[in-house]
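To start, the structure under review is shown below, and the notes come after it.
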Protein chains: 2
Amino acid sequence: MKTNNSNHGLPDGGLVPIRTLSNLTGVNSVTLRAWERRYELIKPIRTPKGHRLYTMADVDLINQVVTLLGNGMSIGQIRQVLETDKARPEPVREPATAFSPWLNYQDRLLRAIVAFDDGELSEVYHEVLSLYPVDIVTHRLIMPLLRELGERWAQGSGSIAEEHFFSVFLRNKLGARFHHLSRNRQGPKLLAACLPGEQHEVGLLLFALAALDRDYQVLLLGPNTPLLELPPVVERVAVHAIVLSGSADIAATVVEQELLPLCRAVAMPVFIGGRITDRCLDAITAAGAVPLGDDLNLALRGIDAMLARC
Amino acid sequence: MKTNNSNHGLPDGGLVPIRTLSNLTGVNSVTLRAWERRYELIKPIRTPKGHRLYTMADVDLINQVVTLLGNGMSIGQIRQVLETDKARPEPVREPATAFSPWLNYQDRLLRAIVAFDDGELSEVYHEVLSLYPVDIVTHRLIMPLLRELGERWAQGSGSIAEEHFFSVFLRNKLGARFHHLSRNRQGPKLLAACLPGEQHEVGLLLFALAALDRDYQVLLLGPNTPLLELPPVVERVAVHAIVLSGSADIAATVVEQELLPLCRAVAMPVFIGGRITDRCLDAITAAGAVPLGDDLNLALRGIDAMLARC
DNA sequence: GCAATTTGTATATTTTTTGTATAATTAAAC
DNA sequence: GTTTAATTATACAAAAAATATACAAATTGC
């Protein structure tokens, strides 16, 4: 059996130079060499003349390192994982400020999450969706809840495990819904993917569902997609626009370096959604892409307008 | 139009001069000669006076090279890839199962993936799962297909985007199946998560489904879970064992540093599955965890035995 | 607060890679 | 014969990558 567990892994001999590793991970090649020199994170094969050659497993590894960095771990600690300095402030309850059915649902969901109760989670989810359309639920319940969870986590009163638990649940539910709704579709097709380094897919799925609701087709490529991979895709499949999603903590350098080549390579609008639009507005517009902001309905309306113009 | 069929069109066995190869591949003829001289990429037949004559196989070869270049490989390395590729043409061809339905399914799935055809993907998937149990499908179809996708990438005929597309599809389908099967469950409860840094969730989902099939409950925490997050979870929810999945190199370091504290903090068996078990067997057992290996059925049997003993 | 460390990046310099250009010669085409 | 195309061989320039040093911002220790 092949010693290759990574899905896109490359068997022996398929080696890439440092520029490709840099492109696929968004990490500066100088930094990659520094990591190797300082922490021996990776020891790539060398050509007879000393040039480094990396496997796709190395690509995975660096992406994981990037993720761990994003999780707050410092690069030096990733090698010798000595954490334990996790300051754990005591829980602080956030006071409720207003009353609405959504607050009640949000409270039930929150309790289910804290209890890691998959059954209750499903029950509330299906109850809500049998009463309200998905975009309303998204806007009034899911988004606020994700924000709430984020704040809980930031304040140290929630755990990463809770966020994981709910993310997996939500992603699976939304993913199932997406594939169910995707069948036998007409309408203009959007290619949807997360920016390189972005692992959180829920925002993209919510967008995809909203787009399906507006009679688009959606080709979903998921998290952490190298932008260089997209031009071959749009050559093979007829899509009308590309929509990329990224949260705030995506490396801005990725946007600056990869977005412009992408926009030049494809003859269609490239939209950027998510919180990253707040931080890299200039770079996005400079590259010729269209920022969408964080509001799904506004974003869809923007896409409608742009595609109608073309 | 090629009016001259005797000398220039496709005469002796379809041999073409270098300008035709250049036209068909888009590679400058000077460059083609340089590749031949520097890397011995191709050795064309020569006319008595030394002019190069290429076969259509050479055209395919150069196109393959161009694709590999597009995938980020450097020209100096491609030669070695082609050599190893040539040295091992097609050693294993699924012995004696020429009419196995799995090859047919795999072919249909592969075509759907290459075409980014979500609908066809769903159709084949549901057709297969209506005929065979999920563990058989996993073993005979999904796993070989993932390997095949890896091979395609190495040969320059596939892309990371294809792998993303299929991963997202598969993960959503398996996730939906998981939540569907999770409802109203009895039986001992397992906490399942990916090791820190591990982003590939398909293996964990396959395990979770296999566990449900054996009347376990599964609490699924998903990819990239910090091990220090787990003790608070098992204090809050009654679980009988923890199952962690990992494949990547980074997990090797993490295992050594984080696994021991986890095993000490929780009073229950901690299992480790996936390819990480091959690489870190000593560290895993030293920390007091139980390695499970890469085979789902064997892993489940091991968990059965261990839990029966407790 | 201040010094020490960490860490990503910048810079300088050299070497390697790689596509293309050029020149001189020969072969093929018309 | 003239023109076009292909050959070999050398050369060149831009890009990429190597090593080594330096630096600024941030974090940490005391």
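Side chains included, hydrogens not; waters and symmetry mates left out as well; all remaining heavy atoms used. We name chains A, B, ... by the order of the sequence lines, and we start the count at 1 in each one. Remember, predicted model here, so these are calculated numbers, not experimental data.
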Measure the distance from CG on A/Leu32 to P on C/dA10 and round it to the nearest whole Å.
14 Å

It should be established whether B/Tyr39 places a side-chain nitrogen or oxygen under 4.0 Å from OP1 or OP2 of nucleotide C/dT17.
no

Decide yes or no on side-chain contact (heavy atoms from CB on, under 4.5 Å) for A/Arg33 and A/Ile18, but give the supporting numbers first.
CA-CA 9 Å; A/Arg33 281 191 288 264; A/Ile18 197 171; 3.7 Å; yes

Using a 4.5 Å cut-off on heavy atoms from C-beta on, say whether the side chain of A/Asn23 contacts that of A/Leu227.
no

In whole angstroms, the gap separating P of C/dT17 from CD of B/Gln80 amounts to 12 Å

Rounding to a whole Å, what distance do you find between B/Glu36:CD and C/dG19:C1'?
16 Å

How close or far is atom C1' of C/dT7 from atom CG of A/Asn28, stated in whole angstroms?
13 Å

Bend across the helix from C/dG1-D/dC30 to C/dC30-D/dG1, to 10°, with axes taken over 5 pairs at each end?
30°

Can you tell me if A/Arg264 has over 12 outside heavy atoms packed within less than 6.0 Å of its CZ?
no

Rounded at 0.5 Å granularity, tell me how far CD in B/Glu198 sits from CG in B/Leu244.
11.0 Å

Taken to the nearest whole Å, CZ/B/Arg37 to P/D/dT7 is 12 Å

So CD of B/Glu162 and CG of A/Leu221: to nearest 0.5 Å the spacing works out to 10.5 Å

Look at the side chain of A/Thr285 and the backbone N and O of A/Leu281, then say whether any donor-acceptor pair between them is shorter than 3.5 Å.
yes

Can you tell me the distance, in whole Å, between the CH2 atom of A/Trp35 and the P atom of C/dT6?
17 Å

Stepwise side-chain contact (heavy atoms from CB on, under 4.5 Å) test for B/Glu229 and A/His164:
CA-CA 10 Å; B/Glu229 293 289 322; A/His164 268 58; over 6 Å; no

Would you kindly give the CG-to-P distance between B/Leu21 and D/dA6, to the nearest whole Å?
11 Å

Test side-chain contact (heavy atoms from CB on, under 4.5 Å) on B/Trp35 and B/Val65 and set out the steps.
CA-CA 11 Å; B/Trp35 285 358; B/Val65 169; 3.9 Å; yes

B/Ile75 CD1 to D/dA15 C1', in whole Å, measures 15 Å

Chi angles and distances behind the salt bridge (Lys or Arg N to Asp or Glu O under 4.0 Å) call for B/Arg275, B/Asp278:
CA-CA 6 Å; B/Arg275 289 204 41 80; B/Asp278 297 339; 3.1 Å; yes

Identify the pairs formed between an N or O of the protein and an N or O of nucleotides 16-19 of chain D at a distance under 3.5 Å, and give each distance.
residue: D/dA16; atom: O3'; partner: A/Arg19; partner atom: NH1; Å: 3.3
residue: D/dA17; atom: OP1; partner: A/Arg19; partner atom: N; Å: 3.4
residue: D/dA17; atom: OP1; partner: A/Arg19; partner atom: NH1; Å: 3.0
residue: D/dA18; atom: OP1; partner: A/Arg52; partner atom: N; Å: 2.6
residue: D/dA18; atom: OP1; partner: A/Arg52; partner atom: NH1; Å: 3.3
residue: D/dA18; atom: OP2; partner: A/Arg33; partner atom: NH1; Å: 2.3
residue: D/dA18; atom: OP2; partner: A/Arg52; partner atom: NH1; Å: 3.4
residue: D/dA18; atom: O5'; partner: A/Arg52; partner atom: NH1; Å: 2.8
residue: D/dT19; atom: OP1; partner: A/Arg46; partner atom: NH1; Å: 3.4
residue: D/dT19; atom: OP1; partner: A/Arg46; partner atom: NH2; Å: 3.3
residue: D/dT19; atom: OP2; partner: A/Arg52; partner atom: NH1; Å: 3.1
residue: D/dT19; atom: OP2; partner: A/Arg52; partner atom: NH2; Å: 2.7

Nearest-nucleotide 5' precedence on DNA chain C, B/Ser74 against B/Thr47:
B/Ser74

